[in-house]
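One-based numbering along the sequence shown.
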Amino acid sequence: MSSSKAVAAADLNPRTKHYEFLGPPGALAITIGVPTMTYALYFGCSESHGGCPPPIDTAVILDSLSDPSWWKGLWDTQAAIAYFAWYAFVVVAWLILPGDWVDGVPMRNGVTKKYKINAFSTALLTFGVVAGVIYRYGPQPLTFIYDHWIGLVTASILMAVVQALYCYLSSFRNGKLLALGGNSGNPIYDFYIGRELNPSIGSFDIKSFNELRPGLILWALIDIGMVCEQAVRRGGFANVTDSMWLVLAFQMFYVIDALYNEPAILTTMDITTDGFGFMLAVGDLAWVPFVYSLQARYLVFNQIELGPINTALVVLVNLAGYYIFRAANGEKNDFRNGRDTKNLQYMTTESGRKLITSGWWGRSRHPNYMGDLLMAFAWSLPTGFNTPITYFYVIYFAVLLIHRERRDSEACQLKYGKDWDKYKKLVPWRIIPYVY
């Protein structure tokens, strides 16, 4: 590489000087911790291991961890074949199903990537195949998911490791656009956070593909599998509990809504700012489908009947969350697109940007997060209050959103300077008014 090209590459891909997640030690801890927690949420909430949670016997745990056969039990060849077949299916669906090619946000190298939008049609094809299988063979085939849970988790984590490693190594080829936060020079940190901004194979963008298709659709598929497992145990779909139907309805609606609005992800931080490393790979492929479906899996072996009154109350909580989420986002989008019908108040920054200070966005800086949290709470309510483990998602999601809000606030502080200080005085609450 000539000296002029080297300088240009250095200007385009500067060294990362600010660490997140406590730097390399934190990145290593999370790289190990996320797969460990995914397994722990199964072993800590499973009928085959003594309940949710099971009795804790330190001696038994240490004996298991020191036994090679226990580690071998994490691998399941049938499950691995099924998972890799599933991934191949969604790749082929991306390839052959029609879809619009949509422009993403222009990148700092002046390039604007195009993304194929057909996640929703991929989901419709998936659900159509599943419906046909259930119609022809009954619920029994879908119980494979429950019976091979650990093997499926292992296969998804393996896929995440392989993809993250491939993307990390390929990021050293000439001409790659690196993520501003993933070029520290520390291999542990960069592998975790993601070194290349948008790794692709031809027109196939790995990051945006994983964001919605293999993990999110699999989450819905797992929920359907849990309904089928309960139906087999209770003698048919007519006997499936109202709590299980609620969890399926809430989470299916969330998944379908995200897939239908696929272009919206193209402006998110995951796509525009973060590199694709182990953080996003394991989150998309393993964490989302196998952790977010915890409530449905719990209801397989703790079959709870809520009754009409409790069902209505849970539905109201979910609808309230969805209303806040959609109303807040709609208000912001209308304002940005010049369709403000509410005469919202705002302040204008020195750069000319307008920051809303009334309506939902006057109540807090991220009212959409408040709606998200209410919906997450509603998803856990059908499991009752016999265990805190089924509320893990709510707690985790709250931590995630708080971290995301603070990360966004830091970016806005750098972007707007003193104007951001003025804005924070006008809108003092971060997510939940009068609470946080």
Handout entry: Non-neighbouring partners of C45 that pass disulfide (SG to SG under 2.5 Å), sequence neighbours left out
Key = C52
Practice task
Indicate whether the side chain of Y146 and that of E47 have a donor and an acceptor atom separated by less than 3.5 Å.
Solution key: yes
Practice task
With sequence neighbours left out, write down each residue that passes side-chain contact (heavy atoms from CB on, under 4.5 Å) with T16, or none if nothing qualifies.
Solution key: N183, S184
Handout entry: Sidechain N-carboxylate O distance under 4.0 Å for R363, E331
Key = no
Anything under 3.5 Å between a donor and an acceptor, one on a side chain of residues 83-100, the other on a protein residue two or more places apart or in another chain? List them.
residue, atom, partner, partner atom, Å
W86, NE1, P214, O, 3.0
Y87, OH, Q163, NE2, 2.8
Y87, OH, N210, OD1, 2.7

Problem - Ring center gap for Y423 and Y416 short of 6.0 angstrom - result: no
Problem - Of Y369, Y434, W361, the residue whose pairing with W429 passes ring pair (Phe, Tyr, Trp, His ring centres under 6.0 Å) - result: Y434
Practice task
Using salt bridge (charged side-chain N to carboxylate O under 4.0 Å, His left out) as the criterion, list what pairs up with D205, not counting sequence neighbours.
Solution key: K113
Handout entry: Residues in side-chain contact (heavy atoms from CB on, under 4.5 Å) contact with D103, at least two apart in sequence or another chain
Key = T112, K114
Problem - Check: S380/Q295 side-chain N/O donor and acceptor closer than 3.5 Å - result: yes
Exercise for the section: Classify the ring geometry between Y168 and F172 as parallel (under 30°), tilted (30 to 60°) or perpendicular (over 60°). Expected result: perpendicular
Exercise for the section: Would you please indicate yes or no on a ring centroid separation below 6.0 angstrom for W379 and Y254? Expected result: yes
Practice task
Among Q230, R234, Q303, find the residue that satisfies the side chain to side chain donor-acceptor pair (under 3.5 Å) test when tested with T241.
Solution key: Q230
Handout entry: salt bridge (charged side-chain N to carboxylate O under 4.0 Å, His left out) partners of residues 250-266, not counting sequence neighbours, each pair once
Key = R213-E262, D257-R326
Problem - Over all atoms of both residues, closest heavy-atom pair of G321 and L374 - result: CA-CB, 3.6 Å
